[in-house]
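Whatever order the structure lists them in is the order used to number ligands and atoms, beginning at 1. Only heavy atoms go into these numbers, but all of them, side chains included; no hydrogens, no water, no symmetry mates.
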Amino acid sequence: MFEHIERLREELEKAAAQSQDELEKFRMRFISRKSVIGDLFGEFKNVPNEQKKEFGAALNNLKNLAETKFQELVNDLKSREQSSDAASIDMFLPPVKQTGTIHPLNKVKNRIIQIFERQGFNVEEGPEIEDDFHNFTALNFPENHPAREMQDTYFISKDPDVLLRTHTSNVQIRLLEKQQPPVRAIMPGRVYRNEAISARAHCFFHQVEGLYVDRNVSFKDLKQTLYHFARELFGKDTKIRLRPSFFPFTEPSAEIDISCFICKGKGCKICKHTGWVEIGGSGMVDPNVLESVNVDPKEYSGFAFGMGIERIAMLKYQIDDIRLFSENDLRFLQQFKGT
Ligand code: DAH
């Protein structure tokens, strides 16, 4: 009997399993109820009483050994299978054909970021769900300004202090709150307005905000920055025109026009025969805005601008319906492959 146990112990220690089949064989022989160890437990009653204790202990040892060994074999086999999976990855296979394309809005956004990054602008982001202070008050909107009214702004709840930002200008405030000048950043993002959806307007769209605050920033810095940007994005012959306008957060304020790059200023349908197309607003940061974020307007000045990304993409690719950007129609999206 004891010899038999000893032989089984040796056999156990040598056992190996290269496959699930061999593992199963091991289990049948040593672990299952009908295993050799199970049989030995059956013999227990035939063992003379004075040997029962010793036999029982030896048998229990054998059983534990079998269980430990089985677990080892299971783990070994598993890790061997995994590493052979890894070895079977062919690093030289050509990539699966790319089926997706970059969305035209992302294309334009990435290009805008690239142009401004090269002029030393950082990219910043801010929340789309905003409060009144960051979307309006800190930006010098008077209490009864029409832009605050229900028809323009989406309020998230009955609380008039929780709203969907109506422009990316909120990020100017967020940024100046966390960082004292010099600040030079562009801030792309999605904005929301309660507008009837048509070919020209949507209830959500995208803007890119720009802000540069430092000592001695002047209007000519603004103009030069925008001029450089327009030439990079629309071509070397592009001219810009800053048309006097009004925004609560800038003084003076200006609308940004670029010369129509379709007809080269001669007049066409796109520019409504004026030779110019509008791409956004801009101006010198109003001293009240700087004060609202504890920046001293006597020491610092700045310029800001905001442009519509859809608007720029529509001009650049001559798209005549803003709804196309959010309809996920592959016939539309796939036209922007590789452009
Ligand atoms: N926030 C303005 C809008 O949504 C755009 C704008 C105009 C942003 C002038 C600016 C700016 O930073 O200086 O219509």
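- Closer than 4.0 angstrom to ligand 1 sit non-hydrogen atoms from H167, S169, Q172, R193, Q207, E209, F247, F249, T250, G281, S282, G283, A304, F305, G306.
- A donor-acceptor pair is defined here as one N or O able to donate and one able to accept, closer than 3.5 Å; no such pair exists between the side chain of R190 and the backbone of R165.
- The six-membered or imidazole ring of F249 lies near that of H167, with a centre-to-centre distance under 6.0 Å.
- For the salt bridge (Lys or Arg N to Asp or Glu O under 4.0 Å) test, no residue two or more places apart in sequence or in another chain qualifies with E81.
- When the salt bridge (Lys or Arg N to Asp or Glu O under 4.0 Å) test is applied to R200, no partner is found at least two apart in sequence or on another chain.
- Partners of F205 by ring pair (Phe, Tyr, Trp, His ring centres under 6.0 Å), not counting sequence neighbours: none found.
- Using a 4.0 Å cut-off between charged nitrogen and carboxylate oxygen, E125 and R174 do not count as a salt-bridge pair.
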